[in-house]
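Below: the structure, in structure tokens.
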Amino acid sequence: DFFLGQIKGSSFKPLPCHGSYFQLLSYQSVSEKGDKEMAEWMTKEHKLAPIPVSAFYKDKTDHKLLRFCFAKGEETLRKAGEILKKL
């Protein structure tokens, strides 16, 4: 809930996730990049390291979803939220 509160107002749309340390975010309204390219860009340019969800599919289906781990301290999640709201 804390992480979701931090990204509120961003263009990223969360998918319902229950009983997990991970949150899936759709970035369809943020960029047309593929999920692998988007994850690499975010890591290099913004120091956020999401996982492209296509990596979990045998056929590498790209739904423009990224997986974020929110098992982090509040300050780290706050900074991540600030970055995501600027994109």
Side-chain angles (χ1 to χ4, degrees):
D1 290 341
F2 184 82
F3 180 61
L4 290 176
Q6 299 306 302
I7 66 165
K8 192 169 188 151
S10 78
S11 295
F12 291 82
K13 302 297 177 215
L15 276 69
C17 295
H18 305 284
S20 175
Y21 294 108
F22 302 99
Q23 177 63 57
L24 297 182
L25 299 180
S26 171
Y27 66 91
Q28 287 182 334
S29 63
V30 177
S31 175
E32 297 208 10
K33 294 178 183 180
D35 65 352
K36 183 178 177 193
E37 182 184 3
M38 185 69 169
E40 288 175 358
W41 176 78
M42 290 178 77
T43 301
K44 290 176 184 174
E45 298 296 323
H46 299 285
K47 307 299 185 230
L48 292 178
I51 304 297
V53 175
S54 67
F56 298 101
Y57 292 103
K58 183 178 181 179
D59 65 358
K60 305 296 182 202
T61 302
D62 185 350
H63 295 287
K64 299 208 178 299
L65 296 172
L66 297 172
R67 185 175 91 156
F68 291 83
C69 178
F70 58 83
K72 311 284 183 193
E74 287 187 0
E75 185 57 29
T76 299
L77 296 174
R78 204 173 279 114
K79 287 179 185 177
E82 290 172 12
I83 292 167
L84 291 170
K85 284 191 261 188
K86 291 177 183 176
L87 298 179

Say you draw a straight line from [atom1] of [X] to [atom2] of [Y]; how long is it, rounded to the nearest 0.5 Å?
| X | Y | atom1 | atom2 | result |
| --- | --- | --- | --- | --- |
| Ile7 | Leu87 | CD1 | CG | 11.5 Å |
| Met42 | Ile83 | CE | CD1 | 8.0 Å |
| Lys79 | Glu82 | NZ | CD | 8.5 Å |

Could you pull out the closest heavy-atom pair between [X] and [Y], with the gap in Å?
| X | Y | answer |
| --- | --- | --- |
| Leu84 | Phe68 | CD2-CZ, 4.2 Å |
| Lys33 | Tyr27 | O-OH, 2.7 Å |
| Asp35 | Leu66 | O-CD2, 3.6 Å |
| Pro14 | Gln23 | CB-NE2, 3.5 Å |
| Lys64 | Ser31 | CD-O, 3.9 Å |
| Ala39 | Pro50 | CB-O, 3.6 Å |

Above 12 or not: heavy atoms from other molecules or residues under 6.0 Å from [atom1] of [X]?
| X | atom1 | answer |
| --- | --- | --- |
| Asp1 | CG | no |
| Lys8 | NZ | no |
| Glu32 | CD | no |
| Lys72 | NZ | no |

Please list, chain by chain and in numerical order, all residues satisfying side-chain contact (heavy atoms from CB on, under 4.5 Å) with [X], sequence neighbours excluded.
| X | result |
| --- | --- |
| Ser26 | Lys13, Leu15, Gln28, Leu65 |
| Gln6 | Phe2, Arg78 |
| Glu45 | Trp41 |

Within one Ile-Leu-Val-Met-Phe-Trp-Tyr cluster: [X] and [Y], side-chain cutoff 4.5 Å:
| X | Y | result |
| --- | --- | --- |
| Phe3 | Val30 | yes |
| Leu25 | Met38 | yes |
| Leu77 | Leu48 | yes |

Next item on the list: For the pair Ile51 and Phe22, evaluate side-chain contact (heavy atoms from CB on, under 4.5 Å) and give the outcome as yes or no after the intermediate values.
Entry: CA-CA 10 Å; Ile51 304 297; Phe22 302 99; over 6 Å; no

